[in-house]
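Note sheet for the following structure.
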Amino acid sequence: MKPARFEYVAAKTVAEAIDARSSFDDTVILAGGQSLIPMLNYRVAQPDAVIDINRVPGLDTISVDNGAVRVGALVRHRQLELSAEAFAAHPLLREALDNVAHIPIRNRGTICGSIAHADAAAEMPAVLVCLDGFVTAQGSGGERNVPASDLFLFHMTTTLDSDEIITSATFPALPKGSGYAFEELTRRHGDYAVAGICAVITPGPDGNCASASLSACGIAEKPVRLSAVEAALVGTNLSDDAVSAAAALVDDMVTNEDDGAGGRYRRQVARTLITRAVAKACQRAAQGRA
Amino acid sequence: MATRTFGEPVQRNIDDRLLTGQGHYIDDIDLPSVAHAAFLRSPFARAKITSIDVSAARAHPGVLGVFTCDNIGHIDQDLPLLIPHPCLVGPRTQRPLARGDVYYVGQTVAMVVAVDRYTAEDAVRLIEVDYDPLPVSVELEDAAADGANLVHEDVAGNVAAHFVQNSGDAAAAFARADHVTKITVRVERSTAAPMEGRAVCARWDRITEQLMVWDSTQAPISVRGGLASLFDIDEDRVRVVAPDVGGGFGQKVLFFYPEEVLVPMAAIQLDRPVKWIEDRTENFIGSTQERTQVHTIELAATKDGEVLGLRDFFLHDTGSFIPYGIAIAQVASTSIAGPYRIPNIEVEFKAIYTPTVPVTPYRGCGRPQACFAIERAMDKLAEELGLDRFEVRRRNFIAPDQFPWKREGLLFADGLAVCYDSGEYDTALSKAAEAIGLDRLDEMKADARARGKYLGLGLGFYVEGTGLGPYEGGHVRIHPITGKIYVNTGLSTQGQGHDTVFAQIAADQLGVDPSDVIVVEGDTGAFDWGVATFASRAAVVSGNAIHKAASKAREMVIEAAANMLEAAPGDIELAEGKARISGSDRAVTLAEVATATNPLRYAFNKAAQSATQFAPASKHDGPPLADGKAPGIEVTDYYSPPYSTWAYGCHAALVEVDPALCTVDIRQYVCVHDCGNMINPMIVEGQVIGGMAQGLGGALYEKVQYDQDGNPRNAGFMDFLMPYATEMPKVDIVHMETPSPLNPLGIKGVGEAGTIAVPATIISGIEDALKPLGAGHFHEAPVFPHMIFEKLGGADQAKAS
Ligand SMILES: Cc1cc2nc3c(=O)[nH]c(=O)nc-3n(C[C@H](O)[C@H](O)[C@H](O)COP(=O)(O)OP(=O)(O)OC[C@H]3O[C@@H](n4cnc5c(N)ncnc54)[C@H](O)[C@@H]3O)c2cc1C
């Protein structure tokens with residue numbers, strides 16, 4: 001379990017890193033290394049070069065702007081989780097991060113790394129999808145923002161170009177009057193999700209659902225937006241029956257099957273998590289108003 | 001006054017060193033110019049090798065040697081069948097490197113030795129092997145079925161062993177029974193997954209012609225004996241050391257693994273030290289595993305629930321080879337009647353080859369399967385007779401005054417008839433009921449229902465034959481310079497805390513603090529008589545040997561001190577590192593005693609100088625060292641148990657199931673256990689809790705999976721779900737101490753105690769919880785969420801289609 005031979009580049013600036021990305025055929029970025037190092041050791045990844053961005057200054061900042069939170073490429077999971085400012089502005093992030101692996105892994109692993117890695121069962125990509133967030137990427141062609149809806153292709157694959165680096169990820173603010181929840185099922189604490197649901201619900205003045213935003217991880221080949229469920233929720237009174245009926249619409253989106261969580265079981269899990277997440281979000285929205 | 005430390009929660013001597021990273025594991029042994037080995041392993045479960053081309057690997061820069069079965073000399077032979085038994089109809093063991101055939105994914109085919117591990121792994125990938133894959137039958141029942149694909153062409157029906165044992169007359173008991181309960185249970189395969197994998201480092205010294213081997217093994221003396229005979233060198237020329245070992249749990253007691261002979265061979269051939277550190281993938285495909293058994297158990301009972309007879313037939317999956325003989329199946333079949341009298345027993349098993357990683361004992365060794373079978377059957381019997389689960393057990397327990405309880409006709413793994421030495425089973429059950437709050441069970445069930453959950457009571461009772469012979473030794477010596485006590489024994493530690501309990505045993509005899517006892521084990525250079533660490537035997541067998549040796553050393557110290565102080569031996573007491581005349585301050589230190597009993601010409605230190613102010617330690621005429629006496633205070637003694645001691649215990653749990661997510665939450669877990677007198681209750685608790693964690697794996701998380709071609713599907717910690725610390729419930733431990741009458745210390749083993757009853761306990765709790773939903777019986781271990789889902793009526797589309 002030793003990696004194959006590779007070149008190691010310790011970039012000092014983003015430009016250097018991009019340069020290095022274009023001068024080798026096959027490169028990877030070393031951020032927290034929590035996913036990359038095992039892949040190298042298993043020789044699942046055998047890149048020509050590993051480009052270490054840990055010495056690039058300025059990538060480790062969290063900025064909060066009007067409720068939106070932007071995290072640089074070197075912001076560790078744990079750093080965002082513990083940031084009082086980010087929590088005050090956007091409490092959903094901490095709730096989701098609490099489900100990412102274990103503290104020692106969160107101490108090293110980065111949010112942008114998790115998004116770039118794009119594991120279909122990972123939490124933060126699903127959060128980005130739920131919030132209509134985006135990443136900022138830089139490559140030899142310059143800088144661009146890629147919305148979450150255009151970013152994820154399949155399990156462990158994004159639409160980014162091979163010379164691009166994610167420099168930050170932006171999680172837009174929660175809508176006024178909304179409630180949020182992140183609910184997931186794992187086989188063991190800290191594992192990737194069998195299914196995870198991110199929900200943001202905004203009840204209107206009449207108590208009916210004015211808007212709903214839901215996404216899921218673990219159920220398909222990539223993090224998915226649950227548009228059918230959202231549409232079915234909007235306008236209802238969010239009663240148990242209404243939510244259950246809407247949650248049942250997740251069934252068609254559950255395509256992931258593996259040992260121990262075949263299709264029907266995973267569908268039941270996804271529905272259950274949706275009802276629980278929506279209930280929690282509604283409760284929080286109500287508390288917020290009170 | 002001398003304080004007895006036996007029974008005290010003395011802090012572990014070793015923890016300062018281990019917890020601050022000062023431990024020395026094999027990978028910490030950093031020899032100059034050491035080379036590194038890596039292995040090419042079979043990618044097929046069963047195949048013929050048609051050609052191997054190593055030329056590219058050999059030419060790779062940095063490669064020092066490439067080995068296949070063709071250039072390893074006379075070690076190209078079947079590795080030993082360690083425990084032969086007449087019922088082994090087709091015993092097969094593997095060769096260090098495959099010759100002609102491969103029998104499981106992971107089997108060693110070639111070895112590369114190179115300047116570093118990276119280079120060695122690169123070169124392994126350059127070896128070209130052509131295989132002709134053969135059809136396989138992977139699942140145990142398939143491999144046992146008529147017409148199955150054979151693992152070994154010449155072993156019909158894949159039957160490695162077939163054994164029937166009888167105690168009493170089961171047929172007669174079934175004929176007169178009012179009721180027969182019959183169930184089939186299945187327990188899946190798991191693996192020990194020690195934190196440190198296996199590891200070997202070897203150095204051949206051309207000048208002294210000595211082979212030095214550091215091996216992360218549980219059996220250094222046995223490894224030494226085997227290596228000496230394999231390489232045909234004197235035993236005294238081979239030294240095997242098991243330094244700090246990061247867990248073993250049975251996996252490291254097999255000798256030989258291929259790597260254990262190939263690494264020393266390479267060190268000799270290349271005349272250069274060679275090291276191999278097993279990586280995690282290798283541990284999953286190249287280190288032995290255990291557990292798959294399918295039992296069909298029948299209980300013949302009266303209508304009052306008294307069990308008159310038991311029949312058990314089971315298939316045991318032994319993997320592709322059977323180097324450890326029938327040990328696991330034999331232990332399972334002889335533990336099957338648990339704590340119950342059941343006077344008539346018929347047990348039969350077949351050990352079946354499957355094209356998978358070989359099977360040898362893993363903590364529990366057949367007992368978790370036996371416990372699962374009998375305990376689930378007792379629950380079913382209670383249900384069928386309309387009796388309470390506790391009551392049906394009570395009516396069958398062996399009573400305290402019925403010991404020793406012998407099961408004539410059932411031979412245990414030590415070759416002797418099963419004979420339970422002592423116990424208070426009924427009391428253990430009552431304590432478990434009390435600790436779990438049985439009287440509040442209905443209330444707690446209602447509370448769970450109010451939260452949308454279902455709560456059930458889990459119950460499991462186990463017995464465990466521990467402290468197997470044949471023997472171990474203890475060597476005790478008092479150092480003349482420091483006065484410290486040196487203790488050696490032949491078996492080795494994997495972190496259990498031997499060094500502390502052995503120190504306590506010696507300290508109590510010699511009146512010193514346990515921290516002044518230095519225990520060295522696992523080094524054939526220090527002590528080389530004995531067997532190994534397995535079967536919860538270290539404390540019982542080595543512990544009593546050390547006790548016997550230390551008691552003799554105590555007598556020697558008292559006699560010498562009495563002479564030195566010109567007092568009567570009966571007036572001497574040992575405490576605080578001194579021998580003192582009771583009620584006075586006249587004393588000699590142990591260092592002085594050790595010095596004075598060693599007639600020496602030179603005084604190296606103060607102890608030696610001060611020793612001269614006393615009268616001679618020995619009152620004899622003639623030469624300084626009396627005829628027939630040895631210098632100093634040094635004793636070696638041995639303990640050989642008459643038969644095994646039987647520990648036991650009762651587990652109970654409150655298990656809550658979420659019917660929507662099909663998850664299991666263990667709200668409370670109680671472990672009542674009795675391992676005889678406890679040397680150190682803190683270490684006992686550590687053993688129980690650690691064992692429980694492995695039991696929890698077997699109850700809810702762990703299953704080594706193979707696909708239908710015999711490829712491992714979850715050979716890593718991502719997919720093989722070993723429970724984390726976060727999965728462990730809090731465990732309430734209730735100690736009972738019924739002394740064993742069999743040994744001087746009155747102790748029984750505890751190493752495996754925590755593991756055995758956990759699957760039976762948790763899974764019976766799930767069954768109880770889901771009774772209101774009509775989920776039926778849970779007779780498989782482990783239980784995964786999707787299995788609960790299916791029991792609750794949600795057949796899976798994937799499976800249905
Ligand atoms: C035991 C364990 C459990 C885990 N459990 C979970 C879990 O429950 N949920 C979860 O979400 N994650 C989990 N993880 C993964 C963890 O969150 C990783 O930290 C994360 O997936 C990757 O982040 P990283 O910074 O470590 O990236 P790295 O490992 O350094 O890189 C991962 C990949 O992303 C690419 N990459 C990284 N940064 C960038 C960038 N700025 N621009 C472009 N590409 C980039 C790299 O090229 C590489 O291919 C677990 C990891 C472990 C070891």
Side-chain angles (χ1 to χ4, degrees), chain A residues 1-6 34-35 38-44 46 98-99 101-105 119 121 183-197 240 244 247 251-252 254-277 279, chain B residues 36 38 116-122 124-125 197 277-283 452 658-664 696-697 700-703 705 707 713-728 782-790 792-801:
Chain A
M1 230 190 254
K2 300 284 182 211
R5 193 169 269 278
F6 57 80
Q34 298 302 295
S35 298
M39 291 196 303
L40 291 173
N41 284 349
Y42 276 113
R43 300 197 180 196
V44 173
Q46 298 199 25
D98 190 45
N99 293 286
H102 303 265
I103 291 171
I105 293 157
D119 191 297
E183 289 281 313
E184 81 170 18
L185 175 72
T186 55
R187 283 289 277 117
R188 299 171 298 183
H189 290 83
D191 280 358
Y192 279 109
V194 172
I197 300 293
D240 289 353
S244 296
D251 282 11
D252 287 346
V254 178
T255 53
N256 188 14
E257 309 221 339
D258 55 33
D259 306 333
R264 274 201 43 197
Y265 170 58
R266 193 175 249 116
R267 288 187 182 105
Q268 177 165 313
V269 168
R271 283 192 227 156
T272 305
L273 293 173
I274 290 171
T275 53
R276 291 181 188 178
Chain B
H36 294 262
D116 58 47
R117 176 72 176 247
Y118 296 83
T119 308
E121 289 192 17
D122 289 345
V124 161
R125 285 172 165 72
I277 306 294
E278 182 183 63
D279 66 30
R280 192 51 65 183
T281 304
E282 291 180 298
N283 187 262
D658 177 331
L661 295 180
C662 304
T663 48
V664 175
L696 179 65
L700 294 175
Y701 297 99
E702 297 174 353
K703 176 179 173 181
Q705 292 175 312
D707 70 13
R713 299 183 63 183
N714 58 350
F717 282 143
M718 278 276 278
D719 304 306
F720 175 82
L721 305 181
M722 182 160 96
Y724 303 126
T726 42
E727 279 38 71
M728 271 295 280
V783 168
F784 291 162
H786 74 95
M787 294 162 69
I788 295 177
F789 175 76
E790 281 153 24
L792 290 176
D796 215 284
Q797 269 179 0
K799 288 235 175 89
S801 62

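Just so you know, these numbers use all the heavy atoms, side chains as well, and skip hydrogens, waters and symmetry mates. In what follows, chains carry the letters A, B, and so on, assigned in the order in which the sequence lines appear, proteins first and then strands, with residues in each chain numbered from 1.
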- Task: Between chain B and each of A:R276, A:R271, A:R43, count heavy-atom pairs under 4.5 Å; write down the option with the most.
- Result: A:R43
- Item | Residue, of A:L273, A:L185, A:T272, that accumulates the most heavy atom pairs under 4.5 Å with chain B | A:T272
- Message: Under 4.5 Å from any heavy atom of chain A, what part of B:D658 do you find: side chain, backbone, both or neither?
- Response: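 Contact with chain A: side chain only.
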- Query: What part of B:R280 is in contact with chain A, defined as an atom under 4.5 angstrom from a non-hydrogen atom: side chain, backbone, both or neither?
  - Reply: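 When you check distances to chain A, atoms from both the backbone and side chain of B:R280 fall under 4.5 Å.
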- Task: Select one option (side chain, backbone, both, neither) describing which atoms of A:P38 are under 4.5 Å from chain B's heavy atoms.
- Result: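 Looking at A:P38, nothing touches chain B.
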- Task: Give a yes or no on whether a salt bridge exists between A:R187 and B:D719, defined as a side-chain N under 4.0 angstrom from a carboxylate O.
- Result: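 No, this pair does not count.
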Tell me the closest heavy-atom pair linking [X] and [Y], and the distance in Å.
X: B:R117; Y: A:M1; result: NH2-N, 4.4 Å
X: A:Y265; Y: B:L661; result: OH-O, 2.6 Å
X: A:K2; Y: B:E121; result: N-OE1, 2.8 Å

- B:T281 vs A:Y42, side chain to side chain contact (heavy atoms under 4.5 Å, CB included): CA-CA, chis, key distance, verdict: CA-CA 9 Å; B:T281 304; A:Y42 276 113; 3.3 Å; yes
- Task: Take B:L721 and A:D191, measure what side chain to side chain contact (heavy atoms under 4.5 Å, CB included) needs, and give me the verdict at the end.
- Result: CA-CA 10 Å; B:L721 305 181; A:D191 280 358; 4.1 Å; yes
- Message: If you define the side chain from C-beta out and look only at heavy atoms, does anything of A:Q268 sit under 4.5 Å from B:C662?
- Response: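 Heavy-atom side-chain distance check passes, below 4.5 Å.
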